[in-house]
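Structure, as structure tokens:
All chains are named by letter (A, B, ...) in the order of the sequence lines, taking the proteins before the strands, and each is independently numbered beginning at 1.
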Amino acid sequence: DIRMTQSPASLSASLGETVNIECLASEDIYSDLAWYQQKPGKSPQHLIYDSNYLQNGVPSRFSGSGSGTQYSLKINSLQSEDVATYFCQQYNNYPLTFGSGTKLEIK
Amino acid sequence: EVQLQQSGPELRRPGSSVKLSCKASGYSITDYLMHWVKHRPEHGLKWIGCIDPEDGETKYAQKFQSKATLTADTSSNTAYMQLSSLTPEDTATYFCARGLPGYVMDAWGQGASVTVSS
């Protein structure tokens, strides 16, 4: 199984700040990586697919990058509505696997 | 509009089973895979498996191989997941989500809560 190591586990930042979340795959996943946002009591929603493509309707302050085994999600100009847990997920190989999540809070 | 409507919360005794449903609207389930994902806040998201409703082919994570059974009814555009031999560790929210091979899960159900308790 491909292991997805996500960091940090939690993050506290001020409004307007920029935050980065990292995901390290245990083997090359050839950019087959998505980022999801999950708000409390809601289902996950995908923000980014294929490592760096922004899903329609997602604010441009979200961006993804990376290749091979290293990937990151960047959120510019943090807004209050960005409070959520963020997950990475690889879909290069079965079984599909998720990172452990990053809980983002506002300071 | 694509929607996945899941069945309601379930309370079960240890050792019993439960069958969850996921009714799709706005598209034909035969055009996409249907994934199932387990969520416990302290454990994150775990992929259970997926079914191709077109031919019934299934794939499972090894951990869920003997726990979950995925089926689909194309006539009602509905996917199902049965969980057997329930234990308290099966207490979780279960999501269905559609996807294509080698692609994201691009639409999710609202989740179904399963509580296993004596």
Item to check | is_close_aromatic(Y27(B), Y32(B)), centroid dist under 6.0 Å | outcome: yes

Item to check | K38(B) to Y94(B) six-membered ring, cation-pi geometry met (6.0 Å, 45°) | outcome: no

Checklist entry - Taking atom NZ of K103(A) as the centre, does the number of heavy atoms from other residues, nucleotides or ligands within less than 6.0 Å exceed 12? => result no

Checklist entry - Taking Q62(B), K59(B), H43(B), K63(B) one by one, which has the highest count of heavy-atom pairs under 4.5 Å against chain A? => result K59(B)

Checklist entry - Where on Y103(B) is there a heavy atom nearer than 4.5 Å to chain A: the side chain, the backbone, both, or neither? => result both

Next on the checklist: Less than 4.5 Å to any heavy atom of chain B: does that hold for the side chain of Y49(A), its backbone, both, or neither?
Outcome noted: both

Next on the checklist: With a 4.5 angstrom heavy-atom cut-off, is it the side chain or the backbone of H35(B) that approaches chain A, or both, or neither?
Outcome noted: side chain

Next on the checklist: If you take the centroid of each ring, where Trp contributes its six-membered ring, are Y60(B) and F64(B) closer together than 6.0 Å?
Outcome noted: no

Checklist outcome for this item: Pair count under 4.5 Å, heavy atoms only, with chain B: among P44(A), P40(A), S43(A), G99(A), highest is P44(A)

Checklist outcome for this item: Bottom line for Q38(A): the part with an atom under 4.5 Å from chain B's heavy atoms is side chain

Item to check | Heavy-atom pair of closest approach, residues W108(B) and A97(B) | outcome: CD2-CB, 3.7 Å

